[in-house]
Amino acid sequence: MSKIITPYHDQQGTKKEQVADMFNNISKTYDFLNHFMSLGIDIIWRKKAINELKKDQPKLILDVATGTGDFAFEALTILKPEKIIGVDISRGMLDIADQKILKRGLGDKFAVKLGDSEKLPFEADEFDAVTVAYGVRNFENLEKGLADIYRVLKPGGKTVVLEFSKPKAFPIKQLYNFYFNYITPGIGKLFSKDARAYTYLPESVAAFPDGKTFTALMDKVGFKSTKSRPLAFGICSIYTGVK
């Protein structure tokens with residue numbers, strides 16, 4: 001397994017604790033910066049990931065690392081499930097999600113709770129589908145997190161993971177690395193009170209075991225029919241697996 005990358009090199013605390021602190025710090029500017037830095041393309045990627053579940057018609061969905069809830073709101077619109085439950089380790093992000101739920105009057109369809117992705121506060125075989133958008137690279141123990149996602153899925157249920165990956169083709173690879181390592185931290189520093197969060201982003205992506213390495217890990221914890229689908233020349237990937 002790759003070296004554990006933490007948001008704050010000079011601080012004590014587990015990766016989990018540091019990630020929670022980081023997202024608490026950037027929660028108020030997170031949505032704006034997400035869309036701004038990706039030029040809105042992140043919205044298209046989210047829709048593609050959600051469409052992976054369209055034919056499955058899941059009724060109860062768990063959205064792990066739900067953050068401010070954007071992925072879950074999009075899933076509600078596209079999939080029309082009976083309910084989505086979002087779980088995240090950052091109270092600050094969940095507070096924003098709660099405000100959105102209240103504003104949109106979706107309290108009966110979408111609920112969020114504080115929780116650890118490696119020890120999900122749910123029973124086994126509970127959900128028709130589990131989604132994770134841009135969250136798995138923040139897991140402290142990736143294998144443990146995937147195993148717990150597998151545990152809470154119903155037999156036959158599907159998981160969909162959307163995550164940054166590393167493009168390999170010239171010149172996309174070079175442009176991507178330049179943007180992620182120099183432009184992204186600069187924008188983050190300008191708009192966020194936690195500049196380090198946007199330096200951690202490229203570091204965590206660089207350390208993430210993407211592509212076949214990730215699907216092999218999904219296979220290891222029990223998932224079947226695992227697939228990796230690169231988007232935008234490999235900048236991002238959608239991973240799917242069935243219990």
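This one's a predicted model, so the numbers in the text were calculated from it and none came from an experiment. In this chain, residues are counted from 1 in sequence order.
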Is there a continuous path of hydrophobic side-chain contacts, each under 4.5 Å between heavy atoms, that joins [X] to [Y]?
X      : Y      : result
Ile44  : Val160 : no
Tyr179 : Tyr134 : yes
Val136 : Leu120 : yes
Ile43  : Leu79  : no
Val242 : Val161 : no

For the residue pair [X] and [Y], establish whether any side-chain heavy-atom pair is separated by less than 4.5 Å.
X      : Y      : value
Lys154 : Phe127 : no
Tyr198 : Met22  : no
Phe73  : Leu106 : yes
Ser27  : Asp95  : no
Leu201 : Phe180 : yes
Tyr176 : Val205 : yes

Charged N-O contact under 4.0 Å between Arg229 and Glu52: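 Result for this pair is yes, salt bridge flagged.
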Asp116/Lys16 salt bridge by N-O under 4.0 Å criterion: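 Result for this pair is yes, salt bridge flagged.
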Keeping [X] on the side-chain end and [Y] on the backbone end, is there a donor-acceptor pair under 3.5 Å?
X      : Y      : value
Asn181 : Asn177 : yes
Asp88  : Leu94  : no
Glu74  : Ile50  : no
Glu163 : Arg137 : yes

Pairing residues for Phe178 by the ring-ring contact (aromatic ring centres under 6.0 Å, His included) criterion, not counting sequence neighbours: Tyr182
ring-ring contact (aromatic ring centres under 6.0 Å, His included) partners for Phe32, two or more places apart: Phe36, Phe191
Residues, nucleotides or ligands: over 12 heavy atoms within 6.0 Å of Lys83 NZ: yes
Residues, nucleotides or ligands: over 12 heavy atoms within 6.0 Å of Lys173 NZ: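 Atom NZ in Lys173 is not packed in, count stays at 12 or less.
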What are the two closest non-hydrogen atoms of [X] and [Y], and how far apart are they?
X      : Y      : result
Ile5   : Ser204 : CG2-N, 4.2 Å
Cys236 : Leu162 : SG-CD1, 3.6 Å
Ala65  : Gly135 : CB-CA, 3.9 Å
Arg91  : Asn24  : N-OD1, 3.3 Å
Thr14  : Glu140 : CB-OE1, 3.2 Å
Lys109 : Glu82  : CD-O, 3.4 Å

Working for side-chain contact (heavy atoms from CB on, under 4.5 Å), residues Phe110 and Ile85: CA-CA 6 Å; Phe110 182 25; Ile85 297 174; over 6 Å; no
Side-chain donor-acceptor pairs under 3.5 Å in residues 216-228, sequence neighbours left out?
{"residue": "Asp219", "atom": "OD1", "partner": "Thr226", "partner atom": "OG1", "Å": "2.6"}
{"residue": "Lys220", "atom": "NZ", "partner": "Glu143", "partner atom": "OE1", "Å": "3.1"}

Quick one: side chain to side chain contact (heavy atoms under 4.5 Å, CB included) partners of [X], sequence neighbours excluded?
X      : value
Ala232 : Trp45, Ile235
Ala97  : Val112
Thr199 : Pro185, Arg196, Glu203
Ser117 : Val64, Phe139

Residues Tyr150, Thr159; criterion side-chain contact (heavy atoms from CB on, under 4.5 Å); working and verdict: CA-CA 8 Å; Tyr150 183 84; Thr159 193; over 6 Å; no
Rounded to the nearest 0.5 Å, what separates atom [atom1] in [X] from atom [atom2] in [Y]?
X      : Y      : atom1 : atom2 : answer
Arg151 : Leu153 : CZ    : CG    : 10.5 Å
Glu118 : Asp148 : CD    : CG    : 8.5 Å
Lys80  : Ile78  : NZ    : CD1   : 8.5 Å

Phe164-Phe208 aromatic ring centre distance below 6.0 Å: no
Enumerate donor-acceptor pairs with a distance under 3.5 Å from any side-chain N or O in residues 53-63 to protein atoms, sequence neighbours excluded.
{"residue": "Asp56", "atom": "OD2", "partner": "Lys158", "partner atom": "NZ", "Å": "3.2"}
{"residue": "Asp63", "atom": "OD1", "partner": "Thr131", "partner atom": "OG1", "Å": "2.7"}
{"residue": "Asp63", "atom": "OD2", "partner": "Thr66", "partner atom": "OG1", "Å": "2.7"}

Residues in salt bridge (Lys or Arg N to Asp or Glu O under 4.0 Å) contact with Lys168, at least two apart in sequence or another chain: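 Lys168 satisfies salt bridge (Lys or Arg N to Asp or Glu O under 4.0 Å) with no residue once adjacent residues are dropped.
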Summary of salt bridge (charged side-chain N to carboxylate O under 4.0 Å, His left out) pairs that have at least one residue in residues 17-39, sequence neighbours excluded: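 For residues 17-39: Asp31-Lys100.
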Pairs touching residues 33-49 that satisfy salt bridge (charged side-chain N to carboxylate O under 4.0 Å, His left out), sequence neighbours left out: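 Non-adjacent pairs meeting salt bridge (charged side-chain N to carboxylate O under 4.0 Å, His left out): Asp42-Arg46.
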From CA spacing to verdict: side-chain contact (heavy atoms from CB on, under 4.5 Å), Lys15, Gln18: CA-CA 5 Å; Lys15 176 172 180 174; Gln18 290 195 27; 5.7 Å; no
Side chain to side chain donor-acceptor pair (under 3.5 Å) evaluation trace for Asn138 with Tyr200: CA-CA 10 Å; Asn138 297 321; Tyr200 163 76; 2.6 Å; yes
Listed once per pair and sorted, the side chain to side chain donor-acceptor pair (under 3.5 Å) pairs that draw on residues 233-243, sequence neighbours left out: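 Every side chain to side chain donor-acceptor pair (under 3.5 Å) pair that includes a residue of residues 233-243, provided the two are not neighbours, is Asp125-Lys243, Ser165-Ser237.
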